[in-house]
Amino acid sequence: MLTVTFPDGSRKDFSSSVSSYDVAHSISPALAKAAMVAEVDGELIDLHAPLPERGEVVLRILAKKDPEALDVMRHSCAHVMAQAVMRLWDGVQLAFGPTTANGFYYDFDLDHSLSEEDFPLIESEMTKIIAADEPFEWLLKPRDEAIELFRGLDQQLKVEHLETGLADEPMVSFYRHGEFLDLCRGKHISSTRHIGKAFKILSVAGAYWKGDAKRQQLQRLYGTAFFDAKELAEHLRQLEEAKKRDHRVIGKQLGLFAVNPTVGSGLVLWLPKGAAIRGILEDYIKGELRRWNYETVYTPHIGRVELYEISGHYPYYSDSQFAPIDMDDGERYLLKPMNCPHHIMIYQSKLRSYRDLPVRLAEFGSVYRYEQSGEVSGMTRVRGFTQDDAHIFCTEDQVTDEFRGCIEMTQNMLAAVGMDQYRVRLGFRDRDSDKYVGNAEIWDRAEAALQKVCEEMHLPDLTIELGEAAFYGPKADFVVTDCIGREWQLGTVQLDYNLPSAMRFGLEYIGADNRPHEPVMIHRAPLGSLERFVGILIEHFAGAFPLWLAPEQIRVLTVSEKSEEYGRQVEKELRAAGFRVAGDYRSQKLGAKIREAQLELIPYMLVVGEKDREAGSVTVRDRIDGDLGPIKVADCMAKFREEVEAKRVRTAAKRGGSCSH
RNA sequence: GCCAGCGUAGCUUCAAUUGGCAGAGCACCGCAUUCGUAAUGCGGGGGUUGUGGGUUCGACUCCCACCGCUGGCUCCA
């Protein structure tokens, strides 16, 4: 006899062999009809899979409203898409077809080059398959039988995967619906019918078989599906929204930055307004550095190759660096790909005592990396960028406090720009890989120290990812979620026991025992690169920067040329008070001037006409709330000053309230 | 670097029947207008259709190569 416990705590006994579907049906036919998939003791299973014949299980029947069911349905939808492709073209080789956070994809090898024009064709074939109400059937076979089966079907990629990736599996599972059979762990919904109509193929792209650039390139179709057409529409709307926020589009519209192919791809030209934003951020960071007791240094943009041979960067990353500059006398110089070796030399410029530590050296350091041509994009992926970099040299005992300080500083800075949704990802080494330098004992110590601090600080959504460490040490990355739910990796704090070691630079300080000791290094960059950070900020605010960051905070608009003199006087007063202000004194109608200022996302417009001149006031128009009426110039400045000092973010939230502060 | 798609004026706003005289809007410049909360009117300049080659009587249109951009893959100190 089987006893089934339901989420509400109620229990039910079954004497004969039953499936989750049977159980649902025994409660009510309506529940059975709504059921998509089931969860038994926390594990997803197919609705028609038999439950154990005796014992006890906790059973959840998952319906369309459950997120797990949506993921299962998308997986089924990926199979249906693959089936449609196989019906439409000959010689299709199936690779993998998993779900993603927002949809699914399937990789194929086929002669026909898939393009957007094919999408409606594939979608209409999918519609037919869905309407046919084909049940998903689960099969389990010994691996060697499976190999024979896929050989018979001429699915070479599947055969290869069975022979290599699944070599240790005695039994492998399949799903079949209609004529389509796929090697698949599952799980799946009970019938194609449940996919419904709310699905869409989104894009096609190249993808390597098993993610290996040395292997053949496959064609990947991306798609998504929802149980509800409204949710699909909302998802597509959000994709459109993301497109409108593209920093490359907004950056051009608002004159923030430019990339010119004659200068070189991936090399950002900061236009005056973009440079203003960067300058404001830099000033803010400088203030934070003083507060946290850092010292500022400057280092050159190039260094001898030998410097990077000692650090290990040159041999390790030679593929992604600009080639060395060869001089006549045989010397070779590298455009610096990292600031740390230079900062290390500053540390070494004098004998250090334990009393000097921690030494915290900060620099807006520009570095150059030769990213692959297909990789560069806008400001977020570039070949030359400036890090808000610093290196801390401290004793082993100071590591925990210093690391904690770096995390806190990063948290403060993200809060200041209104990015309060983030998670921290701990990047540890992959113990099976040989790409790391330094011995295992040091690594274990570093990883443990890092994890301890993060756990003590109760960082949100802390995750540990193996294989994500830098080659010289473990790290904590800040992954920020922007206004429309996209994740971006920004700041990073990295622990380094290797560069200071005798194997590398052999750093020392004289301890209280009057003997030399090895310091520990921390690499940290709260915002990462200024290029990338500003690019992401543009998208986060959709170009509508808060007052403290806006390149042009205030624009004076005259009603007519009669008020120009007064307008210029107001402008001058605001500028003298430290505001970034401009004036529009053209013989245009007020409406036109307002429209332009609105489109340029200027936070405040000060309308001045004859009435204002007589009263010594300005009529304030807020970019978000519109006309605020006449205000005395002095009161107006106090209001703006308060908003700047509070670093208030009052961008109108587009969705979900994640941007409201 | 790889796969695919796309390149028409400053503009990720776009037009140009099967190959048949490259055209609008916005922006820009000039003149008029002096206006109170999202576009005042009139006029003007601006193009070797990404670059080079080919097919053709004739190429924005068809073919080839290269460059650039976009979406992904791979990489990311």
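Just so it is clear: chains get the letters A, B, ... in the order the sequence lines come, proteins before strands, and each one is counted from 1.
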Does a side-chain N-to-carboxylate-O contact under 4.0 Å join [X] and [Y]?
X	Y	answer
A:K244	A:E240	no
A:E306	A:R304	yes
A:D389	A:R524	no
A:D246	A:K252	no

Using whole Å, what does the distance between atom [atom2] of nucleotide [N] and atom [atom1] of [X] come to?
X	N	atom1	atom2	result
A:R383	B:A77	CZ	C1'	17 Å
A:Y370	B:A77	OH	C1'	18 Å
A:D212	B:G1	CG	P	19 Å
A:F96	B:G72	CZ	C1'	18 Å
A:I201	B:G71	CD1	C1'	16 Å
A:K244	B:U70	NZ	C1'	19 Å
A:E371	B:C2	CD	C1'	16 Å
A:Y105	B:G72	OH	P	13 Å

(message) I need the single residue from A:F322, A:Y308, A:F471 that forms a ring pair (Phe, Tyr, Trp, His ring centres under 6.0 Å) with A:Y317. Which is it?
(response) A:F471

(request) May I ask you to verify if any side-chain N or O of A:Y436 is less than 4.0 angstrom from the OP1 or OP2 atom of B:A77? (result) no

Heavy-atom side-chain contact between [X] and [Y] under 4.5 Å:
X	Y	value
A:Q321	A:L334	yes
A:E123	A:M81	no
A:D118	A:H112	yes

What distance, rounded to whole Å, do you find between the two [atom1] atoms, one in [N] and one in [M]?
N	M	atom1	answer
B:G52	B:A59	C1'	15 Å
B:U12	B:G71	P	14 Å
B:U33	B:G41	C1'	8 Å
B:U13	B:G7	P	13 Å
B:C14	B:G47	C1'	15 Å
B:U48	B:C31	C1'	33 Å
B:G25	B:C62	C1'	31 Å
B:G19	B:G30	C1'	40 Å

Give one of base, sugar-phosphate or nothing for [X], where a contact means two heavy atoms less than 4.0 Å apart.
X	value
A:Y472	sugar-phosphate
A:K214	nothing
A:Q216	nothing

(request) Consider the side chain of A:Y222, meaning its heavy atoms from C-beta on, and name the nucleotide among B:A77, B:G72, B:C69 that approaches it most closely. (result)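 Among the listed nucleotides, the one closest to the side chain of A:Y222 is B:G72.
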
(request) Ignoring the backbone of A:S203, work out which of B:G71, B:C73, B:A77 is nearest its side chain. (result)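 Selected nucleotide (nearest to the side chain): B:G71.
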
(message) Pick the closest RNA chain B nucleotide for A:M338 and for A:G211 by heavy atoms, then say which residue is nearer the 5' end.
(response)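 Nearest-nucleotide comparison on RNA chain B picks A:G211.
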
(message) Under 6.0 Å between ring centres: does that hold for A:Y604 and A:F640?
(response) yes

(message) Any N or O donor-acceptor pair under 3.5 Å from the base of B:A77 to the side chain of A:S320?
(response) yes

(request) Using the ring of A:Y370 (Phe, Tyr or Trp, six-membered ring only), decide whether A:R383 places NZ or CZ under 6.0 Å from its centre and within 45 degrees of its axis. (result)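 So A:R383 does make the cation-pi contact.
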
(request) Do nucleotides 3-15 of chain B as a string where each nucleotide becomes B, S or -: B if the base has a protein heavy atom under 4.0 Å, S if just the sugar-phosphate does, - if no protein is that close. (result) BS-------B---

(message) Using a 4.0 Å heavy-atom cut-off to protein, can you give one letter per nucleotide of nucleotides 30-39 of chain B, 5' to 3': B if the base is in contact, S if only the sugar-phosphate is, - if neither?
(response) ---BBBBBBB

(message) Just to verify, which of A:E160, A:H161, A:Q217 counts as forming a side chain to side chain donor-acceptor pair (under 3.5 Å) with A:W209?
(response) A:E160

(request) Might you work through the side chain to side chain donor-acceptor pair (under 3.5 Å) test for A:R425 and A:Q489, ending with a clear yes or no? (result) CA-CA 9 Å; A:R425 188 176 61 196; A:Q489 195 212 299; 2.9 Å; yes

(message) Run A:R220 and A:Y222 through side chain to side chain donor-acceptor pair (under 3.5 Å) and show every step you take.
(response) CA-CA 6 Å; A:R220 175 173 296 180; A:Y222 281 93; 3.2 Å; yes

(request) State whether the aromatic ring of A:Y317 stacks on the base of B:A77, taking stacking to mean ring centres under 5.5 Å apart and ring planes under 30° to each other. (result)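 Answer is yes, a stack.
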
(message) Which residue in the set A:L574, A:T619, A:L557 passes side chain to side chain contact (heavy atoms under 4.5 Å, CB included) when paired with A:L606?
(response)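 That would be A:L574; it is the only one of A:L574, A:T619, A:L557 passing the side chain to side chain contact (heavy atoms under 4.5 Å, CB included) with A:L606.
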
(request) Using both pair distances under 3.5 Å as the test, note the stems of at least 3 consecutive Watson-Crick or G-U pairs that include RNA chain B. (result)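 Stem segments, range with range: B:1-7 with B:67-73, B:28-32 with B:40-44, B:50-54 with B:62-66.
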
